[in-house]
Amino acid sequence: MADTAWQQCINPDCAKKYDLMEVLHRCGECGELLDVQYDWDQLPVPGSLEFFEGRWATRGNPVDFSGVWRFRELIPFASVAQLVTIGEGQTLLRKAPNVAEYAGHSPEKLYLQYEGLNPTGSFKDNGMAGAFTHAGMVGAKVVACASTGNTSAAVAAFAAAQRGIRAVVFIGSGKIALGKLSQALDYGALTIEIDGDFDDAMARVQEVSRSEGIYLMNSLNPFRLEGQKAIMYRILEGLKWEPPDWIIVPGGNLGNSSAFGKAYMELMDLGLVKRVPRLAVINAAGANTLTSIYNTVGVRWDKGRYDREKVDAFYSELDAGGIRAHTVASAIEINRPVNLSKCLRALEVMDGVTREITDQAIMDAKAVIARSGIGCEPASAATVAGLKCLREEGVIGPDETVAAVLTGHHLKAPEATIAYHSKEGAGLVAAIGIEKAAFGNRPVKVKNNINDILRALRESEGVL
Ligand code: F0G
């Protein structure tokens, strides 16, 4: 594969190439992010996306079962023997009419792409299939990440499944949802809780990886984003290979949005799709760097010549004001998204928009999504809250087909869900910082006697 795939700086004025086997986090010349690039002319690219349906018949083969590697001709940096999989990507694209109605959208036009079905309960497993494949190719023995929780769960599980790889995960103190912490511990990762938040953990893990030669698993790693492209392929597959009008995704470290943009750049170049969906990246209001930089400061990718000074000035202001990310959607509680530049590129390629929404809107949307039978964590519900906002503004038309990516399972963050459904007033504010639970479903406490139980049943709607 060495001559048909390489790493390359995304800055068009640099565009330095690096060998596939180098372990880098950024361009050594200019410090920009790196892409994995391919010489498609030398690679066996299928003539149409229907080709991949053939893999459904051979699911007994783990790389055909994988929701990432069954699209391996579109992620061709490794040989089949090198591919690492834990069975990721068995996900679901499902209509949710009640959720669409809540968001003011046509009932038949909203699809939820449920990434909570992954082995570790989040979309991160897609990316880890890519990054662990590369880690294996370069012989990495120790891997590390900073995480708001899901990355650490996925890294820990993949490392446990690859005998001989040790995982180290850096998390912010008190910043991780319980389901995610329990995963990292149970899968056996060395779990380092630093006295700081995700942005601090991300800075420290980069220092440690560089100085100690530890393989970095965060989405700075371009091989991770190669795996995450598969989410776009599976949405296409669910829609019989017809692109939706919109993709909506939460924005945290901005790896997903970056990967989605690259997937569509390539699909268009390869002539495998005829049009590109629009992209909506949704921030939590308390962690709104992308929205501020894109909508308020007005920075654009500008074919790679984006205004880096304006971005630096934005961060200096954050630092000067001592501003820290804060949201109930702890997965996206990030103020320094490492993939900002690639996300700006994706917003250009996919004619994107970005919005910020309140924690109140996130938690209400999450409860509505759950009433469709799909449970997601708060960050994932930002997509539906974002759709509601973009429908109210008229940016998304009522009959446009929308695919919202639900990034993580609701059992990841039970504390937020339980607080929403069981607390009121000041207790609710203290627990998760929102004022009311419009869709709260309070547990009913009764004495251990049949009359009290029957009274409770009679007083509840639609039971007796
Ligand atoms: N949704 C969930 C459930 C996440 O865990 C994350 C990121 C995002 C959305 C944001 O995705 O970074 O691609 O923009 N979680 C990371 C982690 C940061 O450490 O688990 P992004």
Side-chain angles (χ1 to χ4, degrees), residues 113-118 120-128 131 144-157 169-172 175-177 179-181 183-184 189 191 197-202 205 216-221 224-225 227-229 231-232 247-263 279-284 287-291 325 327-340 342-344 346-347 352 354 362 366 369 375-386 404-413 416:
Q113 170 65 17
Y114 188 33
E115 291 292 321
L117 287 179
N118 272 289
T120 75
S122 88
F123 73 93
K124 304 283 180 182
D125 294 344
N126 297 285
M128 292 309 161
C145 69
S147 185
T148 55
N150 282 323
T151 301
S152 55
V155 164
V169 307
F170 288 68
I171 55 176
K175 293 287 188 180
I176 180 171
K180 305 174 189 182
L181 178 59
Q183 288 178 291
T191 304
D197 63 10
F198 172 82
D199 293 316
D200 297 317
M202 190 67 232
V205 77
L216 186 67
M217 284 291 174
N218 281 101
S219 49
L220 273 176
N221 179 333
R224 240 197 68 190
L225 299 192
Q228 285 170 219
K229 292 189 309 190
I231 299 169
M232 291 300 96
I247 301 283
I248 310 185
V249 67
N253 228 2
L254 305 178
N256 257 342
S257 44
S258 299
F260 298 174
K262 184 167 188 282
L279 177 67
V281 186
I282 312 298
N283 277 157
N288 62 354
T289 291
L290 174 69
T291 309
T327 166
V328 70
S330 60
I332 53 174
E333 193 178 65
I334 296 172
N335 258 353
R336 289 177 180 268
V338 295
N339 290 296
L340 178 71
K342 283 187 180 173
C343 177
L344 292 173
L347 288 166
T354 168
I362 288 176
K366 183 175 117 54
I369 294 166
C376 69
E377 63 172 286
S380 313
T383 53
V384 169
V405 183
L406 300 185
T407 44
H409 200 284
H410 70 162
L411 296 178
K412 292 278 193 174

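Both counts, for ligands and for their atoms, begin at 1 and track the order of listing. As a basis for the values below, the full set of heavy atoms in this structure was taken, side chains included, without hydrogen atoms, waters or symmetry mates. Computed from a predicted model, the values in this text were never measured in an experiment. Nothing fancy with the numbering, it's 1 onward along the sequence.
Taking a cut-off of under 4.0 Å to the non-hydrogen atoms of Asn256, the atoms of ligand 1 that pass are 13 (O).
Between the Ser258 side chain and the Cys343 main chain, a donor and an acceptor come within less than 3.5 Å of each other. The closest donor-acceptor contact from the side chain of Asp200 to the backbone of Asp197 lies under 3.5 Å. Here the side chain of Thr289 pairs a donor or acceptor atom with the backbone of Asn335 at under 3.5 angstrom.
Summary of contacts: the protein heavy atom closest to atom 8 (C) of ligand 1 is Ile332 CG2, 3.6 Å. Nearest protein heavy-atom contact of atom 12 (O) of ligand 1 is Asn253 N, 2.7 Å. For atom 21 (P) of ligand 1, the closest non-hydrogen atom of the protein is Leu254 N, 3.4 Å. Considering only non-hydrogen protein atoms, atom 20 (O) of ligand 1 sits nearest to Thr151 N, 2.8 Å. What sits closest to atom 4 (C) of ligand 1 on the protein, heavy atoms only, is Ala331 CB, 3.5 Å. Distance from atom 11 (O) of ligand 1 to its nearest protein heavy atom, with residue and atom name: Phe123 CZ, 3.6 Å. In this structure, the protein non-hydrogen atom closest to atom 2 (C) of ligand 1 is Thr407 OG1, 3.3 Å. Here the heavy atom of the protein found nearest to atom 5 (O) of ligand 1 is Asn150 ND2, 2.7 Å.
By heavy-atom distance, the residue among Lys180, Glu115, Lys124 lying nearest atom 15 (N) of ligand 1 is Lys124.
Side-chain atoms of Val338 and Asn218, non-hydrogen and from C-beta on, never get closer than 4.5 Å to each other. Residues Ser380 and Thr407 meet the side-chain proximity criterion, which asks for heavy atoms closer than 4.5 Å. Residues Leu406 and Thr383 are in side-chain contact: their nearest non-hydrogen atoms beyond the backbone lie under 4.5 Å apart.
Checked by distance only, ligand 1 and Gly255 come closer than 3.5 Å through their nitrogen or oxygen atoms.
Applying the salt bridge (Lys or Arg N to Asp or Glu O under 4.0 Å) rule to Lys342 yields the partners Asp35; only residues at least two apart in sequence or on another chain are considered.
By the criterion of a heavy-atom distance under 4.0 Å, the side chain of Ala379, and not its backbone, is placed next to ligand 1.
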